[in-house]
Participant: 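Okay, here's the structure, questions in a sec.
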There are 2 protein chains.
Amino acid sequence: MASNFLKGKKHIIIYGISLAILLVLLNWLKLRLVIIDHAFEVYNGAIALIFTGIGIWVALKLAKPKEKIVVIEKEVMVEKNVGFTMNETELNRLNLSKRELEVLQLMAQGLSNQEIADRLFLSLSTVKTHANNLFDKMGVERRTQAINQAKQLGIIP
Amino acid sequence: MASNFLKGKKHIIIYGISLAILLVLLNWLKLRLVIIDHAFEVYNGAIALIFTGIGIWVALKLAKPKEKIVVIEKEVMVEKNVGFTMNETELNRLNLSKRELEVLQLMAQGLSNQEIADRLFLSLSTVKTHANNLFDKMGVERRTQAINQAKQLGIIP
DNA sequence: TTTCCGTTCATACCAAAGGTTGATTTGATG
DNA sequence: CATCAAATCAACCTTTGGTATGAACGGAAA
């Protein structure tokens, strides 16, 4: 029994000490009230009250607090294009090849054909070819138009 | 005292009834154990245990549940360009003139210098001048860079 | 009034972009 | 294997864009 008590938590130890003190107190009460009429009942009532209090105290200390979950919905504004998702439909419609798309994306960032060629390890000629092919597919005549249309179609952020 | 008990809640009444039953039980126990050695201590221990249990029970029943507030964030999509508001701060910083801004906006729509000239009833030379001035002010070298930067700064939809 | 800035335009030159044709290689597809 | 699309590059040419310089005009500020 003693080992069990020692194994418990701090609360259990405190409870044990309190119990000991109370038992002493009760013993004293017993001696004091032994000559009084109905002393036995008064004594039992005191014990009942005190231990009820102890029980309440122990319960409040040890019991997991009941949780009442209050749900508050909070609306958060999110910009639609924060996570840019490519418009696959339009992209497929245009039928751009991998390289053409890459060139288009770099164009939109303001790079010149020569810079795009350097970036993709291509010759200027190749970039021009890709550019012209994608202009044809998009039905435009200038890179600025291609950029403008690509942004509106959601092909580019 | 009795009126106080009646004023309470259902739990209090149940507690009262339990108490009465227990008192009867205890009285019976007292009669049974009165002949046993240390009957008094056993009896008191029983009372202590029982009322501790009652206290715990009462505490658990009556304890106010702690409120746990859970905030659920609900995402609301907002179209990026539904209400385009020009970034006045950046616009002032760049110190673009009226004409330069007009040229920039038409550039962003994919128009050539000649088309811009026709649209604004200007000569090609004038458009070129405005273009170069705004390139200087924006610190760029190509129209595509100007467009890209202007969009990022929120000067253009 | 003078000065400054924006606007307008011209000329000239060079760089970049755009367009065309043709050729080669490579990987996938039937 | 034959074929086709994608990708690569070259050569050539035209158009457009960008830079530099200069000049004229008008309005606003010093």
Side-chain angles (χ1 to χ4, degrees), chain A residues 86-153 155-156, chain B residues 86-153 155-156:
Chain A
M86 193 135 71
N87 187 334
E88 296 288 347
T89 312
E90 289 298 331
L91 188 61
N92 291 334
R93 190 181 61 80
L94 290 176
N95 195 29
L96 295 183
S97 72
K98 202 185 308 173
R99 280 307 211 188
E100 285 160 359
L101 221 196
E102 288 178 307
V103 170
L104 177 58
Q105 288 168 338
L106 294 178
M107 268 184 182
Q109 293 170 26
L111 301 198
S112 69
N113 286 339
Q114 185 59 60
E115 288 170 334
I116 295 171
D118 295 342
R119 190 76 69 88
L120 298 180
F121 304 104
L122 297 176
S123 74
L124 179 58
S125 302
T126 308
V127 175
K128 284 186 174 185
T129 304
H130 288 319
N132 277 300
N133 289 337
L134 77 89
F135 291 162
D136 283 346
K137 289 181 180 176
M138 296 179 78
V140 298
E141 287 148 347
R142 276 178 289 283
R143 58 173 51 220
T144 48
Q145 289 180 342
I147 293 167
N148 190 42
Q149 193 183 103
K151 294 217 175 196
Q152 287 187 338
L153 294 180
I155 294 170
I156 278 176
Chain B
M86 193 138 70
N87 187 335
E88 297 287 346
T89 310
E90 289 297 333
L91 188 60
N92 291 333
R93 189 180 62 79
L94 290 176
N95 196 29
L96 296 184
S97 72
K98 202 184 309 174
R99 280 307 212 189
E100 285 160 1
L101 221 197
E102 288 179 305
V103 170
L104 176 58
Q105 288 168 337
L106 293 178
M107 268 183 182
Q109 292 169 25
L111 301 199
S112 68
N113 286 339
Q114 185 59 60
E115 288 170 334
I116 295 171
D118 294 342
R119 191 75 69 89
L120 299 179
F121 303 106
L122 295 176
S123 76
L124 178 59
S125 302
T126 308
V127 175
K128 283 188 174 185
T129 304
H130 288 319
N132 277 295
N133 288 337
L134 77 87
F135 291 163
D136 282 345
K137 290 182 180 176
M138 296 179 76
V140 299
E141 287 148 348
R142 278 179 286 282
R143 55 172 57 219
T144 47
Q145 289 180 343
I147 294 167
N148 189 43
Q149 195 183 102
K151 295 216 176 199
Q152 288 188 336
L153 294 180
I155 294 171
I156 278 177

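Quantities reported herein were computed from a predicted structural model and do not represent experimental measurements. Hydrogens, waters and symmetry mates are skipped; everything else that's a heavy atom, side chains included, is used.
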Participant: Consider the side chain of Arg142(B), meaning its heavy atoms from C-beta on, and name the nucleotide among dA17(C), dC9(D), dG19(C) that approaches it most closely.
Facilitator: dA17(C)
Participant: Give the rounded distance in Å between these two atoms: CD of Glu141(B) and P of dT16(D).
Facilitator: 23 Å
Participant: State, yes or no, whether a side-chain contact exists between Ile116(B) and His130(B) at a heavy-atom distance under 4.5 Å.
Facilitator: no
Participant: So Glu115(A) and Arg142(B), do their side chains get closer than 4.5 Å, heavy atoms only?
Facilitator: yes
Participant: Please give, in whole Å, the distance from dG18(D) C1' to Asp136(B) CG?
Facilitator: 10 Å
Participant: Of all the nucleotides listed (dG19(C), dT7(C), dC9(D)), which has the minimum atom distance to the side chain of Leu122(A)?
Facilitator: dC9(D)
Participant: Do Leu104(B) and Ile156(B) come close enough that some side-chain heavy atom pair is under 4.5 Å?
Facilitator: yes
Participant: What is the distance, rounded to the nearest whole Å, between atom CG of Leu111(B) and atom C1' of dG17(D)?
Facilitator: 14 Å
Participant: Could you state the CE-P distance from Met138(B) to dG18(D), rounded to the nearest angstrom?
Facilitator: 12 Å
Participant: May I have the distance from Ile147(B) (atom CD1) to dA17(C) (atom P), rounded to whole angstrom?
Facilitator: 13 Å
Participant: Could you tell me if the side chain of Met107(B) sits less than 4.5 Å from the side chain of Thr144(A), heavy atoms only?
Facilitator: no
Participant: Between Asn148(B) and Ile147(A), is any pair of side-chain heavy atoms under 4.5 Å apart?
Facilitator: no
Participant: Take atom NZ of Lys98(B) and atom P of dG27(D), then tell me their distance rounded to the nearest Å.
Facilitator: 13 Å
Participant: Look at the side-chain N and O atoms of Ser97(A) and state whether any lies under 4.0 Å from the OP1 or OP2 oxygen of dA6(D).
Facilitator: no
Participant: Side chain of Met107(B) only, heavy atoms from C-beta on: which candidate in dT8(D), dG18(D), dT8(C) is closest?
Facilitator: dG18(D)
Participant: Starting from the 5' end of DNA chain C, give me the residue, Ser125(B) or Asn95(B), whose nearest nucleotide shows up first.
Facilitator: Asn95(B)
Participant: Within this structure, what is the CG-to-P distance between Leu96(A) and dA5(D), rounded to whole angstrom?
Facilitator: 16 Å
Participant: Measuring from the side chain of Lys128(B) (C-beta onward, heavy atoms only), which nucleotide among dT7(C), dG18(D), dG18(C) has the closest atom?
Facilitator: dG18(D)
Participant: Just checking Arg119(B): does its CZ atom have more than 12 heavy atoms from other residues, nucleotides or ligands closer to it than 6.0 angstrom?
Facilitator: no
Participant: Taking only the side-chain heavy atoms of Ser112(B) (C-beta and beyond), determine which of dG17(D), dA7(D), dT8(C) contains the nearest atom.
Facilitator: dG17(D)
Participant: Under 4.0 Å between a side-chain N or O of Asn113(B) and OP1 or OP2 of dT16(D)?
Facilitator: no
Participant: OP1 or OP2 of dG18(D) less than 4.0 angstrom from a side-chain nitrogen or oxygen of Arg143(B), does that happen here?
Facilitator: yes
Participant: Within less than 4.0 Å of OP1 or OP2 of dG18(D), is there a side-chain N or O belonging to Asn132(B)?
Facilitator: no
Participant: Check whether any side-chain N or O of Ser123(B) sits under 4.0 Å from OP1 or OP2 of dA10(C), and answer yes or no.
Facilitator: yes
Participant: If I take atom CG in residue Leu124(A) and atom P in nucleotide dC12(D), what distance separates them, rounded to the nearest angstrom?
Facilitator: 15 Å
Participant: When you get a sec, tell me which of dT7(C), dC9(C), dT19(D) is the closest nucleotide to the side chain of Phe135(B)?
Facilitator: dT19(D)
Participant: Given dA10(C), dA12(C), dG18(C), which nucleotide is nearest the side-chain atoms of Thr129(B)?
Facilitator: dA10(C)
